[in-house]
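As the structure lists them, so they are numbered: ligands from 1, and atoms in each ligand from 1. Everything numeric in this text was worked out from a predicted model, so none of it was measured.
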Amino acid sequence: MNQTIKEEINKRVEKINGILEEYLPKEQGGQKIVLEAMNYSVRVGGKRIRPMLLEETYRYFTKNTGELSSEEMQVLAPFMVAMEMIHTYSLVHDDLPAMDGDEYRRGKLTTWKKYGEAVAVLAGDGLLNYAYETAAKAWKNHTDSGKITLSSILKAYELLTVKPGISGMIGGQAIDVENCGEELTLAMLDHINELKTGALMEASMMIGAALAGADEEKLDLILKSASCLGMAFQIQDDILDRTSTTEELGKPVGSDEKNHKTTYVNLLGIEKASGQVEKLSEKAICYIKDCQGENPFLLSLVEYLIHRKK
Ligand code: GRG
């Protein structure tokens, strides 16, 4: 089972990498070096979880586990690429000396370490803006004969603007930075992670659901599911930072301790933290099932992500 899901995930990662290549900017002009740094940051790899969740949630609601039509992909792909670009920009900026100062990510030099700080700041900014430029292509690609409506695209675009922003991911990072070096309570840590990690999971799954035409009630269930997934994903990240190796993770382990960060492992211990991951994973799956769609892979993916080893 584990081997099969891994193979299924790898197939999807390959497909997503192909889609990313289609949409990455050309490295040309006076700004070539920043374009190169943007593309380097995306191409160094990563699990591509967010675009995968987006597409698989869309499939869940449309109950289509076979090939999606090219009309559907022409609308989904710009959003999938935008999600990965926004996620990548957040990592590029998070690795800067002004934040965590990490030198390795995804097994390669971080963007600032390879290109210098100024270029890395601009590459992050460039990716964020290019994400919206790319997502806007969904409108251009939309056809009246396709299954995805313009109002669904508008809803998806709204989610793409709000969730990564100051009331979402940036908000979480802002509170985290503000409390740097302080001992956090569990409630505070939950709040930070709901925003910092949860917001992009929520955006990914909700955009997939919105494009499939899910109503407000179902969008709310997907919000709850993605929020549990984000939290469980973060707790697992904290556990791996303590229990895994640099080789396996592709980034230095023990970086939370180095940066004096309060983690779930500090507050709960590994056993209790693992219990939380289990509980949240069950909840995430229950909320998805309440939506009564169909896509067994989405459920296996959620379970796999939460119990991942890297
Ligand atoms: C600097 C604007 C700004 C935001 C920073 C997302 C974030 C907020 C910081 C990144 C560091 C971090 C601990 C994020 C929590 C979420 C998380 C575990 C991200 C890593 O995501 P993966 O595992 O990464 O999907 P890959 O490399 O596989 O894409």
Side-chain angles (χ1 to χ4, degrees), residues 9-10 12-13 16-17 20 40-54 80-81 83-102 104-112 117 120-121 123-129 131 163-178 180 189-190 192-204 226-227 229-242 244 248-259 261-265 277 301-302 304-310:
I9 289 175
N10 288 343
R12 283 161 173 87
V13 169
I16 292 167
N17 285 341
L20 286 168
Y40 168 81
S41 313
V42 174
R43 284 189 179 128
V44 286
K47 296 183 283 301
R48 314 302 194 204
I49 290 162
R50 293 151 192 85
M52 204 180 297
L53 282 170
L54 194 159
M80 290 164 68
V81 171
M83 278 311 310
E84 189 63 19
M85 284 180 175
I86 293 174
H87 164 60
T88 304
Y89 117 78
S90 80
L91 301 181
V92 170
H93 280 188
D94 192 62
D95 289 333
L96 286 167
M99 302 252 181
D100 283 356
D102 284 326
Y104 286 92
R105 154 94 55 194
R106 296 168 165 178
K108 299 270 168 52
L109 284 177
T110 49
T111 312
W112 75 271
E117 282 181 60
V121 170
D125 295 340
L127 281 169
L128 178 59
N129 280 279
K163 292 284 175 189
I166 193 65
S167 56
M169 181 185 72
I170 295 180
Q173 181 75 354
I175 302 171
D176 197 13
V177 166
E178 189 64 26
C180 183
L189 191 61
D190 278 350
I192 290 172
N193 289 324
E194 260 166 35
L195 297 175
K196 202 170 108 169
T197 311
L200 290 199
M201 300 288 182
E202 290 165 14
S204 305
S227 172
L229 169 63
M231 191 63 82
F233 190 84
Q234 183 59 57
I235 301 176
Q236 185 69 4
D237 202 62
D238 289 357
I239 295 174
L240 291 175
D241 190 62
R242 240 354 139 70
S244 190
E248 188 152 29
L249 287 187
K251 60 180 185 181
V253 288
S255 82
D256 293 331
E257 206 171 356
K258 183 195 99 188
N259 292 312
K261 288 209 168 145
T262 308
T263 68
Y264 287 101
V265 175
V277 171
L301 177 65
V302 167
Y304 179 84
L305 289 180
I306 287 169
H307 296 105
R308 75 197 191 282
K309 297 280 172 260
K310 63 186 244 186

For [atom], grab the closest protein heavy atom and report residue, atom and distance to one decimal in Å.
| atom | answer |
| --- | --- |
| atom 6 (C) of ligand 1 | Ser90 OG, 3.4 Å |
| atom 12 (C) of ligand 1 | Lys196 CE, 4.2 Å |
| atom 8 (C) of ligand 1 | Gln173 OE1, 3.4 Å |
| atom 23 (O) of ligand 1 | Lys47 NZ, 2.6 Å |

Which ligand 1 atoms are under 4.0 Å away from a heavy-atom of [X]?
| X | value |
| --- | --- |
| Gly46 | 26 (P), 27 (O), 28 (O), 29 (O) |
| Tyr89 | 2 (C) |
| Leu91 | 10 (C) |
| Ile49 | 25 (O) |
| Asp237 | 18 (C) |

State whether the side chain of [X] and the backbone N or O of [Y] hold a donor-acceptor pair below 3.5 Å, judged by distance alone.
| X | Y | value |
| --- | --- | --- |
| Arg48 | Gly45 | yes |
| Asp94 | Ser90 | no |
| Trp112 | Val121 | no |
| Asp238 | Tyr264 | yes |

With respect to Asp94, determine whether any N or O atom, backbone or side chain, lies less than 3.5 Å from an N or O atom of ligand 1.
no

Less than 3.5 Å between some nitrogen or oxygen of His93 and one of ligand 1, yes or no?
no

Smallest separation among heavy atoms of Ile16 and Pro51, with atom names:
CG2-CG, 3.9 Å

Which heavy-atom pair separates Leu96 from Ala120 by the least distance, and what is that distance?
CD2-CB, 3.8 Å

Select one of side chain, backbone, both or neither to describe which atoms of His87 lie under 4.0 Å from any atom of ligand 1, heavy atoms only.
side chain

Please work out, at 4.0 Å between heavy atoms, whether the side chain, the backbone, both, or neither of Thr88 comes within that distance of ligand 1.
neither

Measure from atom 19 (C) of ligand 1 to every heavy atom in Met99, Arg105, Arg50 and give the option owning the shortest one.
Arg50

Can you tell which of Gln234, Arg106, Lys261, Glu84 gets a heavy atom nearest to atom 15 (C) of ligand 1?
Gln234

Does either side chain, that of Thr111 or that of Ser41, offer a donor lying less than 3.5 Å from an acceptor on the other one?
yes

Would you check if there is a donor-acceptor pair between the side chains of Tyr89 and Asn129 at a distance under 3.5 Å?
no

First locate atom CE of Met83, then atom CE of Met201, and finally report the distance between them rounded to the nearest 0.5 Å.
9.0 Å

Does a sphere of radius 6.0 Å around OH in Tyr40 hold more than 12 heavy atoms from other residues, nucleotides or ligands, not counting ones at 6.0 Å or beyond?
yes

